[in-house]
> 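One structure, as structure tokens, below. Some questions next.
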Amino acid sequence: MTSLTAQQRAVISVRGVEKHFPIKEGTLQREVGQVRAVDGVSFEVRPGETMGLVGESGCGKTTLGRCISGLVPPTGGKIFFRLPDEDAARLDEIDAIPEPDRTAEQRKEVERIDAKHRVDVLSGKAWRTYRRNCQIVFQDSFSSLNPRQLVKDLVGRPLQVHKLASGQELTERVVSLLESVGLGRQHLYRYPHQFSGGQRQRISIARALALDPEFIVLDEPTSALDVSVQAQILNLLHELQTERGLTYLFISHDLGVVRLMSDRIAVMYLGKVAEYGTAKELFEDPRHPYTEALLAANPDMASEESVMKGLMGTVPSPANPPEGCRFHTRCPVATPACGWEVDDAVAWLQAHETLLAGLTDVQRRSNFDATLVFQDEDSASAVGGAFQDGDLPPAMKAALEKVSTDGRSVHITFFPVEPVWLEDVGDAHLTACLLHTRQGQEPWPPQPIADSSNRTAANPSSTSTTNSNAR
Amino acid sequence: MTQSQVGIDISQGQATRPLVASVRDLKVYFEAKAGVVHAVDGVSFDIRDGETLGLVGETGCGKSVTARSFIRLVPSPPGIYAGGQIDFWSTESRRNRHEPIDLLQIPDEEMLEIRGDRIAMIFQDPGKALNPALSIRSQVAEVFYQHRSEEILEPLGENVPRLIRRAARQQTRSFERFLLNFPPWRAKAARLRMRVDELVAQALTETQIPNPRTIMASYPHELSGGMKQRVLIAQALACNPDLLIADEPTTALDVTIQARILELIAELKERLETSVLYISHDLSLVKEICDRVVVMYAGRIIETGTTEEVFRAPKHPYTRGLMAAVPSALHRRGELAAIEGTVPELIDPTPACRFNTRCPFAVEICRTVDPEVVPVGGEHTVACFAYNTGDGSVVLPTLERWVS
């Protein structure tokens, strides 16, 4: 941590990384859609620091970890290894220019940097250096250790692959590795099933350390362990980091653990980073409702009186994530500008069983504009009426631009919104919440159709929240 | 806040509350090649009416086996109920001042009536606890067919055909089910089905499942983890049991969902006046939701007390170690208090404090004599020769009093 500025480079630079998995259907396996597991994430990991990655299951944190460790290639964006700061600055410059306008020289420069540092196009010696220096420890030590191999083979394998040691020397290297994680010579000739969960995780760590790497991805290394054993492993990881100057990417869903282990934290939600900042700032001054919700749901032993609060609803499908803020469907302080769309309207109807009974078709022109077709006129007018006078969330109601009933169909139109981007709110603390960023200060509604007095009346809660943030 | 305050208020008057279940010297062993594993070795505790009792401990300390013994779900062989008893008072038997029944002695048929009706269980992994091949409706309906067949036959009036009665108990064979599609049974079978559907929908609504009718028609793989756990809770609480055993119900869930599920269990517990045995390895959760706590280690109980007593002044070194190991804002990196070593093997153990191999305060007597559970004020009891007084100093009490 002391050498942060001394070495003028980041260990790992993640620049707009996307990983989309195709959804295939039918006999021909035609691609019908994409699961956007990771959808445009950028951050840097500096030498000697621990970067924490938190989020619920399905938010893409493990996929991102796998992309970074080179196990799966990203479908978009770039991951760089040991990218010098000057090259990073150069890339920033060139990236600002739209693709067709770049000069041949600039293109060549990008190619040069890519060939030297970009993880998914590295080859030959550079690729081997990267593989040696980037290791991963998996969550489930049952399935990540081959049950038919001895500990000696498991831990010695990386050394054999890279032809670093053999014979007696290999054994000695393995012994010293085992000793550094709290095991010993007596464990050399045993199989993984003879160890407890904590010991197996130690073997995984020893294997990751075998090539003396610079960077280790820790993918939920302690979530399968008991608290007492978890404490042992966390202490061990910290000890190894200080001894060997390791850099960690610590992936976990446990906020307490991440807070303890990380210098900086990125909170992920549905494939995107919701908030990013130092551990201290993120916990003491969270600037995103999702972070606040995670904190509120996390039971804390230290606090005398804690109230655990859960979140309503479930995570939207990553195959069709909301266009605006991705968290608005569950957000307790959502505003009309957060990106309410047709899916939300349908979800609200689903909660009122009777209303959706006669629905036959949804004709979607965009995420914000659709026609619901019903079996008969009565149910159509009932739904149309419900949208106008029902107990819609006030923010959603204010975001509705137009509802019109026409025979058996109901047309609904929401005000379209821009995607929400991460914005700096001071001290390298980034958030993607409209309540805290400049993006949220743009006038609402976007078109001059609806009058603003109506909105204030309909949604007093959101205005009071925004006022407090010096809107 | 309200939750824990309510918990404390209840605990004050708790000593006088009637018992729901009383475990006395329970021993459950497993036969293995290497010897007999003493998974649960002389465990005694009480569950009082309307309380939430937390059973805490590491993996392999016997907490799940203890809980499963209540409804005799320990596979046998290799499991052996080697001794002790579990007395159980249902609301009805208490009202009629009947003697308690011993859950380990009653015949299997009687157990079938109690299991799922008077004592229900929520399992750890909702993904595995539901049958992937059956719809949600049929899985929840099974509880009603099993335990409430009289009730679902009620609206059909007197003179119900025998076949319909059999259908209401799920005793029909395949050709009988085929016959149900034809008059004269057809109409009655449809009414029976509607009645069950109603009950299932009602049970699902209790657990705040939106759109119960749609959920009923779906299969487990179509639901999220939190939703599946709600279905399991609906299933468990369908018959309004006297005792609900929750075996780590939120371990497989995200924190945000976990909080909602715990709220739900707490709310339903209050409304249905059910007692809850809550099993968890997560101390911070237990602190949040339980009235009393029982701490287990290696098949033994080492500490019991009200949540407040145990968490404010833990006595046993193991409890202290567990609490110190939970990361919090107060810890510095690399300075977590870890309990070194692992849980000892429980094959034919010799008399000794089970924790002596990992205990920083262990002295000679710990390695040769079994400590007894002794009271240390209030409802707080602990099984340790040398315990912490709370200010870090180690006190060795007069040993004669403690040794049996």
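Throughout, protein chains are lettered first and strands after them, A, B, ... in sequence-line order, and every chain is numbered starting at 1.
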> In terms of heavy-atom proximity below 4.5 Å to chain B, should A:Ser223 be classed as side chain, backbone, both, or neither?
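It is neither, since no heavy atom gets under 4.5 Å.
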> Please confirm whether B:Phe355 and B:His316 have ring centers closer than 6.0 angstrom.
yes
> Under a 4.5 Å heavy-atom cutoff, which of B:Thr256, B:Ile257, B:Ile339 has the most pairs with chain A?
B:Thr256
> Parallel, tilted or perpendicular: which one describes the rings of A:Phe327 and A:His288, with boundaries at 30° and 60°?
tilted
> Please look at B:Arg332 and chain A and tell me whether the side chain, the backbone, both or neither of the residue comes under 4.5 angstrom of a heavy atom of that chain.
backbone
> Please assess B:Lys63 against B:Glu248 for the test salt bridge (charged side-chain N to carboxylate O under 4.0 Å, His left out), listing each intermediate value before the final yes or no.
CA-CA 10 Å; B:Lys63 51 190 197 304; B:Glu248 309 213 16; 3.5 Å; yes
> Heavy-atom distance under 4.5 Å to chain A: side chain of B:Thr59, backbone, both or neither?
both
> Determine yes or no for a side-chain-to-main-chain donor-acceptor pair under 3.5 angstrom, with B:Arg230 supplying the side chain and B:Thr207 the backbone.
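Judged by distance alone, yes, a pair lies under 3.5 Å.
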> Tell me, side chain or backbone of A:Glu239 under 4.5 Å from chain B's heavy atoms, or both, or neither?
neither
> Whether the B:Glu58 and A:Ser228 side chains hold a donor-acceptor pair (N or O, under 3.5 Å, no angle test) is what I'd like checked.
yes
> Apply the side chain to side chain contact (heavy atoms under 4.5 Å, CB included) test between A:Phe250 and each candidate in A:Asp219, A:Leu234, A:Asp263, A:Leu53; give the one that qualifies.
A:Leu234
> Sort out for me which of A:Ala293, A:Ala279, A:Ser262 touches chain B most, counting heavy-atom pairs under 4.5 Å.
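Heavy-atom pair counts peak at A:Ser262.
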> So which part of A:Thr222 gets closer than 4.5 Å to some heavy atom of chain B, the side chain, the backbone, both or neither?
neither
> Does any heavy atom of chain B fall under 4.5 Å from the side chain of A:Ser196, the backbone, both, or neither of them?
side chain
